[in-house]
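Naming convention: chains lettered A, B, ... in sequence-line order (proteins, then strands); numbering from 1 in each chain.
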There are 2 protein chains.
Amino acid sequence: MKGIRQLAEHLDISIGTVSRALNGKADVNEETRKRVLAAAEEFGYVANQSGRSLRQGTTNVIGLMIESSKETVENSDNFFLGVTGGLQSVLSRHKLDLVMLPCPSDEDPYEYLKRMVARRVVDAMIISATQRIDKRIDLLVKAKIPFVALGRSSSGGGNFTWIDLDFEGVATCAVDRLVAKGHRRIAIAAPSGEINLGYIFVDAYRKALEKHGIAYDPKLVIRVKSSEQGGYQAGDELLRIEDKPTAIILIYELMAIGLYRRLVEAGIVPGRDLAVIGFREEPRAKFLQPTLTCFRMSLPDLGAALAETLLAGMPAYSETYRDGVRNRIWPLELVPAESDAFFLGSKT
Amino acid sequence: MKGIRQLAEHLDISIGTVSRALNGKADVNEETRKRVLAAAEEFGYVANQSGRSLRQGTTNVIGLMIESSKETVENSDNFFLGVTGGLQSVLSRHKLDLVMLPCPSDEDPYEYLKRMVARRVVDAMIISATQRIDKRIDLLVKAKIPFVALGRSSSGGGNFTWIDLDFEGVATCAVDRLVAKGHRRIAIAAPSGEINLGYIFVDAYRKALEKHGIAYDPKLVIRVKSSEQGGYQAGDELLRIEDKPTAIILIYELMAIGLYRRLVEAGIVPGRDLAVIGFREEPRAKFLQPTLTCFRMSLPDLGAALAETLLAGMPAYSETYRDGVRNRIWPLELVPAESDAFFLGSKT
DNA sequence: CTGAAAGCGCTTACAG
DNA sequence: CTGAAAGCGCTTACAG
């Protein structure tokens, strides 16, 4: 079975009727529709996507762009696969398929996206790893491709929708919690590079400190890679700070693993000698000892929210997702554990 | 700028010439080609993929199908992203794009693949998580879609190409090594379920034992999920085995983390009280203490091999990849570490 | 070296 | 309710 023509010939009706029957259009005789569906099933006929796309001007495919830098590869691991399920749960309701578009590490993400957009392989895009200044956003705005960004950005002149994690909430909660336990020298491990969350996180940390009357000390902001290795390095730098901090807040989930390693080497026990608060709860980090205080979120729910927000911005679906409000700050919930359990007062 | 027609109009030449210039065909005046390329660049024109695909009968897209079961989501993490880079390094030489196709967890992988294949969204497929009996393989063989399977299978009547990890080699090497250190009660943690590697691994383990004159004891084969949780459970079951094993071989990289956790709870130190050999070296497992003896492989190289094997099976590229031989067993290299460092003889 | 024309597989006004 | 026909954007024999 090749195409609709063969199927129509076999049924001895016109291809127009076959198409209408298959696409669930009204005004098709029930009897005819049944015959068509049965024959399609029998021969395994499914409309060629290129033909459909060309005619309809729409691919019914949504793209999730993924950076495949070495850093991403080593780390974001289950994050995207986790989000994927939630995305699909919403997209499948509209017969939209999700494809992940991994940007080759040797290709500029901007050029890659430009190419994908120009080729019209997808109807809409979800981009991640948003930068503070992100040309991709300007590109998508200009190309009038519906998209949603996972992460805020200064680019695009505000003419786009994003969902971002509640870094302010996390930073504030972490600082509040540590201060309540008697800490005043609180370090923070933030990502090097231009990723926007670094700025937001450090800002919120600073404000939270000020709220408690604690002076902001730039020496306590440790810039490292968002990886386990970065965590290890953060531990290293932490140990070198004079007037040693009594607590550290991590911005990236896997940093905890590297940090623990470095601390163990130095004979420092998290939750006894140093308070550690991790970022996102992560299957791997769950196995740390002592258990890590961190923040929980639902990746599938985030995926579903991304999909709804995206569809709200697509004319064909906006009706259904009126309240797929524009920008959203995605909350995380504290999961208290052992790594910051001690009170500083009772120890000093 | 919409399409090739507008671009041609602007240049005041025919669309045929524009197309030929853009596609690098010979027989185009150099001057003309330059003008066309410049104008395309200026207006950001890239050929609409649906139009091309329809005309050429080829999408220039290769699909990597990914199962997004909960288990996969929690575990295979960086595996696919790691392979992706290598795949692209080869595919990009031929202007082929890679898309990852995540099968929704509530959809049958077979139906999903069938749909993708029928819609002709990709020219060829890479499938993973191959089952012992895998209907997807029969489907692809029947549909005459070029594909390569990451993992052996009994399906497809041998009419397909696969690359698989050298489970035999790993099992044999692990057993040899442990026996050489004096172990005779060697347990193995194998995956529950129908995934093919489980069978292969246990078989090789059995043969290796027999080679050393050690009787195979089914009680030493612990069936658990391929996850950290599975590793924890494996530890649990290990402790309950009477006539306790002195060593355990793990088949899945992340099992080590859960196993360690359970051992620590029981006061057992890997590398002192129990020899542990892990499977694939994994960024996370690298941070275990004591360090884990395991096996190393290059994900990018594996990706490149997959791509070459795939292209060897596609008529349009087979010339270039003549020696993209058919099936391959992918070697892993032992990385000795602390977790199995002791000699049993010297301790008992 | 270039242009005019056919046609890839589909969907959808338009007639009837 | 159905059929005939146009046309989505491209590439590629075919003429010249």
- Show your working on salt bridge (Lys or Arg N to Asp or Glu O under 4.0 Å) between A:Glu31 and A:Lys34 and close with a plain yes or no. CA-CA 5 Å; A:Glu31 190 55 38; A:Lys34 271 186 198 145; 5.2 Å; no
- Message: Working note: B:Leu96 + B:Leu311, criterion side chain to side chain contact (heavy atoms under 4.5 Å, CB included); need CA distance, chi angles, decisive distance, verdict.
- Response: CA-CA 10 Å; B:Leu96 293 169; B:Leu311 293 176; 3.6 Å; yes
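As rounded to whole Å, 11 Å separates atom P of D:dG3 from atom CG of A:Leu11. Rounded to a whole Å, the CD1 atom of A:Ile15 is 18 Å from the P atom of C:dC14. If you take CZ of B:Arg55 and C1' of D:dT11, they are 5 Å apart, rounded to a whole angstrom. In this structure, A:Ile4 places its CD1 atom 11 Å from P of C:dT12, rounding to the nearest Å. For A:Arg52 and D:dG7, the CZ to C1' distance is 17 Å, given to the nearest whole Å. Note: CG (B:Asn29) to P (C:dG3) measures 11 Å, nearest angstrom. Note: CZ (A:Arg5) to P (C:dC8) measures 8 Å, nearest angstrom. The CD-C1' distance, from A:Gln56 to C:dG9, rounds to 12 Å in whole Å.
With hydrogens and angles ignored, a donor-acceptor pair under 3.5 angstrom links the side chain of A:Arg20 to the base of D:dG3.
The aromatic ring centres of A:His10 and A:Tyr45 sit 6.0 Å or more apart.
Applying the 6.0 Å contact sphere to CZ of A:Arg120 captures no more than 12 heavy atoms from other residues, nucleotides or ligands.
The aromatic rings of A:Phe160 and A:Phe147 lie parallel to each other, with less than 30° between the two planes, well short of the 60° mark.
Regarding contacts with the backbone of C:dC10, every side-chain N or O of A:Gln49 stays at 4.0 angstrom or more from both OP1 and OP2. Put simply, B:Asn23 has a side-chain N or O that comes within less than 4.0 Å of OP1 or OP2 on D:dT11. At C:dA4, none of the side-chain N or O atoms of B:Ser14 fall inside 4.0 Å of OP1 or OP2 (strictly under the cut-off).
Counting any heavy atom pair closer than 4.0 Å across all strands shown, A:Ser50 reaches no nucleic acid atom. Base contact: B:Asp27 has a heavy atom under 4.0 Å from a base atom. Using a 4.0 Å heavy-atom criterion, one finds that A:Ser53 contacts no nucleic acid atom at all.
With DNA chain C read from its 5' end, the first of the two nearest nucleotides for B:Gly16 and A:Val46 is the one closest to B:Gly16. Mapping B:Ile13 and A:Lys25 onto DNA chain C by nearest heavy atom places B:Ile13 closer to the 5' end of the strand.
For A:Thr32, whose side chain is taken as the heavy atoms from C-beta onward, the closest listed nucleotide among D:dC10, C:dG9, D:dC1 is D:dC1.
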